[in-house]
Peer 1: 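Right, I'll just put the structure down here and ask away after.
Each ligand, and each atom within it, is numbered from 1 in the order the structure gives. If you read the sequence from its start, that first residue is 1, and numbering goes on from there.
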Amino acid sequence: MPSLQSVISCLSDYDPTALPVAQANRIIGEVVEPVRGVEQLAIRSALDRVLAEDIVSPIDVPAHDNSAMDGYAFSGAALQATQTGEIELEVIGTAYAGAASDSRPGASQAVRIMTGAVMPAGCDTVVPQEFVEVLADGARIRFASDAVRVGDNRRLRGEDLARGQAALSAGRILQPADLGLLASLGVAEVRVRRRLRVAFFSTGDELRSIGEPLDAGCVYDSNRYTLHGMLRRLNVDLIDMGVVRDDPAALEEAFRTACETADAVITSGGVSVGEADYTKQIMARLGDVTFWKIAMRPGRPMAFGRIASNGHDALLFGLPGNPVAVMVTFYHFVRAALHRQMGASVPPLPLMRVRSAQAIRKKPGRTEYQRGVLAQVADGNWEVRVTGQQGSGVLRSMSEANCFIVLGHDQDSVKTGDLVEVMLFDGLV
Ligand code: AMP
Ligand code: MG
């Protein structure tokens, strides 16, 4: 694994006191490496897990040309042959799904066919039953030749996946559709990366846990709950270590335990510049850790690196204490880093350009993640507005929002009606 110092020393324009978001992510990306452990799971248990192998289709899917409709299969040559614009065919049998068909219709013949049934030899076209007039004797059908074109309503062998074709690549986080795809190949089990173990705790003498009385000047610890939620969504194993007092021995003990049991350690609080506590000292003493002021809002201070204890090591993310800053730094740094550590290849989330319903003040030279509500307006377009107060302690701004309004590093103030980029919180799958 490359050390943080070696990665940083290669950067010519590195300034830890005003680090652009993109550069911080580049450094993190170079330092983080995937865990090695792999396990074999039944496909249902592999939902949301990271595939550790490429899956190549062992069969053609579908295995035969088959009908996409209930209707009549025939040779499309008949469509060209007609002089009258009408086709009349003799029905010589029926093909059901799940059974092999031994019918061999001739040029003026058809086979009644059900959806999914194997196409009879010599047939390449299916006319849906609703376009067909069944003649009185029941043994003949008639339909207009422009009801279908050659090849219509036929699914080709291997059109979903051909044998030998790559179906899924290592690094894929398995989605519901993927479980179905694996099942369609007859694959019962897959190899996935082991789950990541992530330990986290909050630091700060002002913090109280739920159930404790709220003494004067104290706040309830909310960061462990947002972290719990965000980490659960990443499908990692959680080790919640509670609130750790601002006491050197307690902090060192907590960092060592976390490091010895987890692949990554996330803390909140105690990394600000003027911070009078011991968190930063102990982080620095236990490993290769750097303290950044990131050119972003919210979320400026952050510690990143790797700490070690008794032969174990772990990634360290020392997030700021402010509740919104914790979420913003988690989503914009930690999430991608943990994906990388779990061996997942996840494309960047889409940014969509929508109209801003209001002016937003912004200075170039930092990235801002304003909390936004994206909604459809009367003209059918989508517009975004900010969720009231944007203070980094105002957690309600995250709770009310359904997107981040991402104002890029070089961007200036936004005028009403300007297009801005938004990143949606929720997706369908
Ligand atoms: P710090 O980064 O430690 O200076 O904390 C910045 C602000 O975030 C302070 O107002 C803290 O009280 C608040 N804060 C820190 N940790 C938490 C937490 N776990 N839950 C809620 N607020 C916190
Ligand atoms: Mg503090």
Peer 1: Do His228 and Phe200 have ring centres separated by under 6.0 Å?
Peer 2: no

Peer 1: Under the 6.0 Å and 45° cation-pi test, does Arg208 pair with Tyr220?
Peer 2: no

Peer 1: Taking everything shown except Arg195 itself, do over 12 heavy atoms lie less than 6.0 Å from its CZ?
Peer 2: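 Yes - once you tally the heavy atoms of other residues, nucleotides and ligands closer than 6.0 Å, there are more than 12.
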
Peer 1: Hey, is ligand 1 close enough to Ser222 that some N/O pair sits below 3.5 Å?
Peer 2: yes

Peer 1: Any atoms of ligand 1 less than 4.0 Å from a non-hydrogen atom of Gly269? List them with their elements.
Peer 2: 2 (O), 3 (O)

Peer 1: With sequence neighbours excluded, what pairs up with Arg197 under the salt bridge (Lys or Arg N to Asp or Glu O under 4.0 Å) test?
Peer 2: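 Applying salt bridge (Lys or Arg N to Asp or Glu O under 4.0 Å) to Arg197 gives none.
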
Peer 1: Given Cys218, Gly270, Gly321, which has its nearest heavy atom closest to atom 3 (O) of ligand 1?
Peer 2: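 Selected option, by shortest heavy-atom distance: Gly270.
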
Peer 1: Would Ser272 count as a contact of ligand 1 if the rule is a heavy atom under 4.0 Å away?
Peer 2: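 It does, in that a heavy atom of Ser272 comes within the 4.0 Å cut-off of ligand 1.
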
Peer 1: What class does the angle between the rings of Phe304 and Phe317 fall in, given that below 30° is parallel, 30 to 60° is tilted and above 60° is perpendicular?
Peer 2: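 The arrangement is tilted - the two ring planes meet at 30° to 60°.
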
Peer 1: From atom 10 (O) of ligand 1, work out which of Asn223, Asn322, Asp221 has a heavy atom at the shortest distance.
Peer 2: Asn322

Peer 1: With heavy atoms under 4.0 Å as the rule, classify the contact between Pro301 and ligand 1 as side chain, backbone, both or neither.
Peer 2: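 None of Pro301 does.
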
Peer 1: Other residues, nucleotides and ligands only: do more than 12 of their heavy atoms fall within 6.0 Å of OH on Tyr96?
Peer 2: no

Peer 1: Provide the number and element of each atom of ligand 1 under 4.0 Å from a heavy atom of Ser202.
Peer 2: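 Atoms satisfying the 4.0 Å criterion: 19 (N).
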
Peer 1: Show me which atoms of ligand 1 lie under 4.0 Å from any heavy atom of Tyr220.
Peer 2: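 Once the distances to Tyr220 are compared, the set is 20 (N), 21 (C).
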
Peer 1: Once you restrict to heavy atoms under 4.0 Å, what part of Leu207 touches ligand 1? Side chain, backbone, both or neither.
Peer 2: side chain

Peer 1: Identify which one of Arg49, Arg194, Arg193 satisfies the salt bridge (Lys or Arg N to Asp or Glu O under 4.0 Å) criterion when paired with Glu39.
Peer 2: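 The option that passes is Arg49.
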
